[in-house]
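Contents: one structure, followed by commentary.
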Amino acid sequence: MSKDKVDIFDTTLRDGEQVPGCKLDAEQKLVIAERLDELGVDIIEAGFPISSPGDFNSVHEIAKLVKNATVCGLTRAVQNDITVAADALKPAKRARIHTGIGTSDSHIQHKFNSTRDKIIERAVAAVSYAKTFVEDVEFYAEDAGRTDNVFLAKVCEAVVKAGATVLNIPDTTGYCLPEEYGLKIKYLKENVTGIHKATLSCHCHNDLGLATANSIAGVANGARQIECTINGIGERAGNTSLEEVVMILRQHPTLGLDTDINSKLLYDTSQMVSQKMGMIVQPNKAIVGANAFAHSSGIHQDGVIKNRETYEIIDPADVGVNESSIVLTARSGRAALAYRAKLVGYELTKLQLDEVYQEFLKFADNKKEILDTDIHDIITATDLNIESVL
Ligand code: KIV
Ligand code: ZN
């Protein structure tokens with residue numbers, strides 16, 4: 001079955017970099033941008049050029065450097081933001097301006113002290129102005145997650161008419177349920193005149209832990225772009241995690257959707273971003289966490305040693321992890337101990353294993369995890385008098 005392509009719009013360097021304490025310098029941003037290009041993302045949101053001279057400069061340098069991806073700069077629906085972004089993006093082979101405005105009643109009343117009609121006017125003016133610089137203009141309806149669908153469709157229709165090529169439907173506050181977000185996308189697909197001229201994009205935040213589920217619901221209902229970050233970093237609880245959506249689409253072929261991401265670079269890219277931002281990846285993080293392919297209970301270890309697929313739905317090699325790991329703890333069984341002992345040079349008979357296992361349990365009750373060096377000590381502590389062949 002041929003699959004529909006979902007574009008990956010990476011915003012690690014813009015929404016991701018908004019994480020307190022994770023600021024990157026220009027050099028670090030260039031290294032990450034180069035890696036994102038290699039990874040196969042379709043669009044790199046390089047920054048918010050009006051926000052500071054440093055951000056302008058980073059976007060400008062990234063625009064010069066990137067070979068394949070479209071380079072994008074964020075703006076508010078403000079002429080000067082757009083002029084400055086266009087300037088920063090000038091050297092890009094493919095440039096996109098990402099402009100927009102809040103559309104929920106909460107944003108219209110409290111942020112802008114405005115009216116729905118005036119918001120549409122500003123949205124159209126921003127897109128029309130951005131179109132004087134670049135062909136590719138993405139419009140974001142900030143807080144679309146809490147925007148009434150009928151009004152949202154009206155805004156989308158107006159900006160598509162003004163030339164928007166992509167319609168970003170952000171769940172800015174991470175409020176939506178997956179079904180609700182999916183139905184929002186479906187509603188727009190069915191009710192916006194001219195929608196065939198634009199790509200619908202999901203931009204989901206993770207305040208309720210639903211960013212990935214919402215993005216998948218979005219593409220299942222017709223969106224064809226996902227906005228995401230490496231390791232899911234971003235404002236508050238973060239953005240949709242790139243590695244999660246990419247692997248969900250790959251592991252579920254019945255969705256009929258795929259991306260151009262080279263998944264074998266996912267683990268390494270995750271580590272690179274984590275190190276450069278000084279932000280650790282939680283060990284139980286899906287796909288790229290240290291424990292994502294680690295097995296520690298006896299029942300699971302026995303299953304994985306017999307056949308990896310008993311407890312793993314992804315081949316670790318597909319995401320750039322060398323192999324599954326069998327972690328030795330007091331909950332491990334003989335199969336795991338024999339497996340790890342063999343890796344450090346001890347081929348134990350059944351009787352030897354029984355004796356080593358009793359010694360192992362005494363050690364393991366006093367330690368969180370048994371390392372390779374401990375295996376040597378455990379075997380030496382028995383009366384077996386055997387040596388490693390390594
Ligand atoms: O979350 C959001 O609404 C955003 C927009 C600025 C695109 O990041
Ligand atoms: Zn966002």
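In listed order, ligands and their atoms are each counted from 1. FYI, the numbering just counts along the sequence from 1.
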Do Lys29 and Asp55 sit within salt-bridge range, that is, some charged N less than 4.0 Å from a carboxylate O?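 Result for this pair is yes, salt bridge flagged.
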Basic-acidic side-chain contact under 4.0 Å: Asp42, Lys5: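 So Asp42 pairs with Lys5 through a salt bridge.
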If only atom types and distance count, is the side chain of [X] paired as donor or acceptor with the main-chain N or O of [Y] below 3.5 Å?
X	Y	answer
Asp354	Leu351	no
Glu17	Leu24	yes
Asn291	Asn284	no
His98	Leu74	no

Walk me through it: do Asp258 and Arg250 pass the test salt bridge (Lys or Arg N to Asp or Glu O under 4.0 Å)? CA-CA 6 Å; Asp258 204 359; Arg250 209 140 290 169; 3.2 Å; yes
Output the set of protein residues with a heavy-atom contact under 4.0 Å to ligand 1, ordered first by chain identifier and then by residue number.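 Protein residues near ligand 1 are Arg14, Asp15, His98, Tyr140, Glu142, Asn168, Pro170, Thr172, His203, His205.
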Taking N, O or S atoms only and a limit of 2.8 Å, check whether Glu227 reaches the Zn ion (ligand 2).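 Looking at Glu227, which is the residue asked about, there is no N, O or S atom under 2.8 Å from the Zn ion (ligand 2).
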Check Asp15 and report its N/O/S atom nearest to the Zn ion (ligand 2), by atom name.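 Per the distance ranking, Asp15 contributes OD2 as its closest N/O/S atom to the Zn ion (ligand 2).
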Proximal heteroatom of His203 relative to the Zn ion (ligand 2) (N/O/S):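 Result: NE2.
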